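Heads up: the structure comes next, in structure tokens.
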Amino acid sequence: MDRAVFLDRDGTINEDVGPLCSEDSLIFIPRAIEALRILQKQFQLFIVTNQAWIGKNVFSEEEYLEFSEYFEMVLKNKGIAIKHIYFCPHTKEENCICRKPGSYFMKEAERDYNIDLENSFVIGDHQSDIEMGRELGVSSVYVLTGHGKEGVEELSVEPDFIACNIYEAAVWIMKAGKDKKIGS
């Protein structure tokens, strides 16, 4: 079984600029690429992102998929391999099963990619990211980038670690991950 890190996208890996579907608007958070390189040494990387902008008709699913392909290509050109990008196109009001904080996509990754959730991690800048991990007993890191800084005081679910950014999260995970043994 492989270990994984489930990453939120907007506000965690790249700046949250609102409806992100344009190559010109993609700005990576400082040291995010370095963090992903560190993490992929021991973990499979997955992105789990809510994209309600699709459900709100701000951009189409096709436009999102084109941008997502570009996003993944940029990361690949920087030496980063994302195993899979999961996205929820629904609005909160639609009450779907795939929207975070639900853990639907993590369960899919567990099944489809033989992921050991007990020894995996979640990183995100919203309480919903932390809740997604908690639902399955996955360790979580809350980052203070994106919406993280303004939302930290309102957290009702305690993460395992609060990091200034994804780089600090990666360093913590690499240390914490040594204590987690596969098959334990």
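All of these numbers come straight from a predicted model, not from anything done at the bench.
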message: Distance to the ring centre below 6.0 angstrom and angle to the axis at most 45 degrees; does that hold for Arg3 and Phe121?
response: no
Those residues that, when tested against Glu63, pass salt bridge (charged side-chain N to carboxylate O under 4.0 Å, His left out) (two or more places apart): none
message: Determine whether a donor-acceptor pair (N or O, by modelled atom type, separation under 3.5 Å) exists between the side chain of Glu69 and the backbone of Leu65.
response: no
message: With rounding to the nearest 0.5 angstrom, report the CD1 to CD distance, Ile80 to Gln40.
response: 4.5 Å
message: I'd like to know if the side chain of Tyr104 pairs up with that of Glu108 as donor and acceptor (distance under 3.5 Å, no hydrogens or angles considered).
response: yes
Distance flag, aromatic centroids of Tyr86 and Phe6, threshold under 6.0 Å: no
statement: Heavy-atom closest pair (Glu135 atom, Ser103 atom, distance to 0.1 Å) is OE2-OG, 2.7 Å
statement: Tightest non-hydrogen contact, residues Leu36 and Leu45, listed as O-CD1, 3.7 Å
query: Does Leu39 share a hydrophobic cluster with Leu75, counting links as ILVMFWY side-chain heavy atoms below 4.5 Å and allowing steps through other members?
result: yes
- line: Closest non-hydrogen contact found for Ile123 with Val143 is CG2-CG1, 3.7 Å
query: Between Asp112 and Lys83, does at least one N-O distance fall below 4.0 Å, as a salt bridge requires?
result: no
- prompt: Are the side chain of Asp116 and the backbone N or O of Met1 linked by a donor-acceptor pair below 3.5 Å?
  reply: no
- prompt: Centre of Trp53's six-membered ring, under 6.0 Å away, within 45 degrees of the axis: is that where NZ or CZ of Lys56 sits?
  reply: yes
Residues Arg31 and Glu34 bridged, charged N to O under 4.0 Å: yes
- request: Check whether any side-chain N or O of Asp129 sits under 3.5 Å from a backbone N or O of His126 as a donor-acceptor pair, and report yes or no.
  value: yes
statement: Rounding to 0.5 Å, atoms CG (Asp10) and CG (Asp16) come to a distance of 5.0 Å
field: Nearest-0.5 Å distance that lies between atom CG in Asp2 and atom CD in Gln42
entry: 12.0 Å
- request: Kindly give the heavy-atom pair with the smallest separation between Leu117 and Val138, and that separation in Å.
  value: O-CG2, 3.4 Å
- prompt: Atom CD of Glu15 and atom OG1 of Thr145: how far apart are they, to the nearest 0.5 Å?
  reply: 7.5 Å
- request: State whether the side chain of Lys76 and the backbone N or O of Ala81 hold a donor-acceptor pair below 3.5 Å, judged by distance alone.
  value: no
message: Ignoring hydrogens, what is the shortest heavy-atom contact between Phe105 and Cys88? Give both atom names and the distance.
response: CE1-N, 4.0 Å
- prompt: Can a donor-acceptor pair be found between the side chains of Glu94 and Thr91 at a distance below 3.5 Å?
  reply: yes
- prompt: Taking the side chain as C-beta and beyond, is there a heavy-atom pair between Ile162 and Leu144 under 4.5 Å?
  reply: yes
- prompt: Should Leu7 and Ile166 count as side-chain neighbours, where that means a heavy-atom distance under 4.5 Å?
  reply: yes
query: What distance do His84 atom NE2 and Glu72 atom CD have between them, rounded to the nearest 0.5 Å?
result: 9.0 Å
- prompt: Should Trp172 and Leu155 be regarded as members of a common hydrophobic cluster, given that ILVMFWY residues are connected when their side-chain heavy atoms come within less than 4.5 Å of each other, either directly or indirectly?
  reply: no
task: Check the hydrophobic clustering (I, L, V, M, F, W, Y; side-chain heavy atoms under 4.5 Å; chains of links allowed) and say if Ile115 and Val122 are grouped together.
output: yes
query: Is the ring centre of Tyr142 less than 6.0 Å from the ring centre of Phe161?
result: no
field: Inter-residue atom distance Ser140.OG - Glu131.CD, 0.5 Å rounding
entry: 10.0 Å
task: State, to 0.1 Å, how close Val157 and Arg134 come at their nearest heavy-atom pair, and which atoms those are.
output: CG1-CG, 3.6 Å
- request: May I ask you to decide whether Lys100 forms a salt bridge with Asp8, counting only side-chain N to carboxylate O separations under 4.0 Å?
  value: yes
field: ILVMFWY cluster, Ile13 and Ile29 together (side-chain gap under 4.5 Å)
entry: no
message: Using only atom types and a distance under 3.5 Å, with no angle test, would you say the side chain of Ser120 pairs donor to acceptor with the backbone of Ala4?
response: yes
query: Should Ile173 and Val141 count as side-chain neighbours, where that means a heavy-atom distance under 4.5 Å?
result: yes
- prompt: Under 30°, 30 to 60°, or over 60°: which ring-plane class applies to Tyr64 and Phe87, parallel, tilted or perpendicular?
  reply: tilted
